[in-house]
Amino acid sequence: MANQDDLGRSPSGLEENLKKALTEMLILAIFSKRDYFIGELAGEIQRISKGALSIVFPYGVIYRMSKAGYVSESKKCTAPDGRLRQYYRITESGRDYLLQLVDVYNRFSMGVDNIIQDTVDGYDEGLE
C-alpha cells in the first residue's frame with residue numbers, strides 16, 4: 001500500500017499549494033501598508049502571521065506582478081542593514097486586483113469552512 005507521500009498528497013503538500021495560490025494576495029496586502037524591498041517580505045509575512053506562514057525568496061512573484069502592473073519600483077533607499085535597496089509599491093491596478101483576490105478568497109474559504117464544519121460536526125457526533 002502506498003503512503004501519502006508516494007501519492008504526492010500530504011499535509012505539507014497542501015501547505016505548499018496554498019502558499020503558491022495565496023502569495024500574490026499576501027504580498028499585495030503587505031504592500032498596501034507601505035513600500036518594501038523584496039528582502040523584507042519573507043520576514044514581514046512570518047511576523048504578521050505570527051510564524052504560521054513562511055514564504056522564501058518571493059522574487060519571481062514580485063517580477064510577475066511588476067510585469068502585470070500590480071506593483072512598481074518606487075525609490076532606492078538605504079535599508080535598515082545600511083545597504084541601498086530597491087523598494088516596491090502597490091499600484092492602483094494592484095489595489096483593485098487585491099480586492100478581487102480577497103473577494104474570491106473570502107468566498108472560497110467560507111465555503112471550505114462550511115463543508116469542514118459540517119463534516120467535523122457530523123464526525124464528532126458519531127464519536128459520542
Side-chain angles (χ1 to χ4, degrees):
M1 180 172 183
N3 68 32
Q4 289 177 330
D5 290 329
D6 290 340
L7 298 173
R9 295 182 179 101
S10 68
S12 63
L14 174 61
E15 182 177 359
E16 286 305 309
N17 285 328
L18 287 171
K19 281 183 196 179
K20 288 176 187 175
L22 298 174
T23 299
E24 284 187 0
M25 182 177 68
L26 298 174
I27 290 173
L28 288 172
I30 289 172
F31 277 147
S32 71
K33 295 186 329 186
R34 70 170 175 86
D35 296 0
Y36 286 87
F37 70 92
I38 295 174
E40 290 179 290
L41 293 174
E44 193 68 357
I45 287 170
Q46 195 161 29
R47 183 188 70 76
I48 294 170
S49 72
K50 296 178 177 32
L53 301 174
S54 64
I55 297 173
V56 185
F57 303 114
Y59 296 99
V61 174
I62 298 298
Y63 297 136
R64 282 193 309 274
M65 289 193 306
S66 180
K67 188 174 180 176
Y70 301 141
V71 298
S72 64
E73 291 181 352
S74 58
K75 58 195 178 283
K76 286 192 178 184
C77 293
T78 303
D81 65 3
R83 296 191 288 183
L84 190 62
R85 300 285 189 175
Q86 177 64 61
Y87 281 69
Y88 290 82
R89 72 171 52 137
I90 190 170
T91 63
E92 283 306 311
S93 169
R95 288 183 193 283
D96 292 341
Y97 183 53
L98 173 59
L99 291 174
Q100 293 170 25
L101 291 175
V102 169
D103 182 56
V104 169
Y105 171 79
N106 285 336
R107 283 185 286 119
F108 187 84
S109 63
M110 196 172 0
V112 169
D113 288 345
N114 290 339
I115 292 169
I116 297 301
Q117 193 60 48
D118 181 65
T119 304
V120 170
D121 285 347
Y123 183 73
D124 288 343
E125 290 170 9
L127 293 177
E128 294 176 13

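These numbers come from a predicted model, not from an experiment. Sequence positions, counted from 1, serve as the residue numbers for this chain.
Distance check: T78 OG1 to R85 CZ gives 10.5 Å after rounding to the nearest 0.5 Å. Atom OG1 of T23 is separated from atom CD1 of I55 by 3.5 Å, given to the nearest 0.5 angstrom.
Under the ring pair (Phe, Tyr, Trp, His ring centres under 6.0 Å) criterion, the residue pairs touching residues 13-49 are F37-Y87, with sequence neighbours excluded. Annotation: ring pair (Phe, Tyr, Trp, His ring centres under 6.0 Å) contacts involving residues 91-110, sequence neighbours excluded, comprise Y70-Y97. Sorted by first then second residue, the side-chain hydrogen bond (donor to acceptor under 3.5 Å, both in side chains) pairs that include residues 46-69, not counting sequence neighbours, are E44-R47.
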For this session: Show the numbers, then the answer: is there a side-chain contact (heavy atoms from CB on, under 4.5 Å) between R89 and S72?
Result: CA-CA 5 Å; R89 72 171 52 137; S72 64; 3.6 Å; yes

For this session: Decide yes or no on side-chain contact (heavy atoms from CB on, under 4.5 Å) for I30 and L41, but give the supporting numbers first.
Result: CA-CA 8 Å; I30 289 172; L41 293 174; 4.0 Å; yes

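By the criterion of side-chain heavy atoms lying less than 4.5 angstrom apart, applied directly or through intervening Ile, Leu, Val, Met, Phe, Trp or Tyr residues, V56 is grouped together with Y88 in one hydrophobic cluster. Residues L101 and M110 do not share a hydrophobic cluster, defined by chaining ILVMFWY side chains whose heavy atoms lie under 4.5 Å apart. Cluster membership check: V104 does not share its hydrophobic cluster with L22, using side-chain heavy-atom separations under 4.5 Å among Ile, Leu, Val, Met, Phe, Trp and Tyr.
Here L18 is tied into one hydrophobic group with L14, each link being a pair of ILVMFWY side chains closer than 4.5 Å.
Taking E16 as the reference, K19 meet the side chain to side chain contact (heavy atoms under 4.5 Å, CB included) condition, with sequence neighbours excluded. Scanning for side chain to side chain donor-acceptor pair (under 3.5 Å) contacts around S74 gives D35, with sequence neighbours left out.
When every heavy atom of E40 is checked against every heavy atom of R34, the shortest pair comes out as OE2-NH2, 3.1 Å. Considering every non-hydrogen atom in both I90 and S32, the closest pair reads CG2-CA, 4.0 Å.
T91 and S93 are not linked by any side-chain donor-acceptor pair at a separation below 3.5 angstrom, with hydrogens and angles left out of the test.
Enclosure of atom NZ in K75 by more than 12 non-hydrogen atoms of other residues, nucleotides or ligands within 6.0 angstrom is indicated.
The residue from L98, I45, V71 that alone fulfils the side-chain contact (heavy atoms from CB on, under 4.5 Å) condition with I27 is I45. Of the candidates V112, D118, T119, T119 is the only one forming a side-chain contact (heavy atoms from CB on, under 4.5 Å) with I115.
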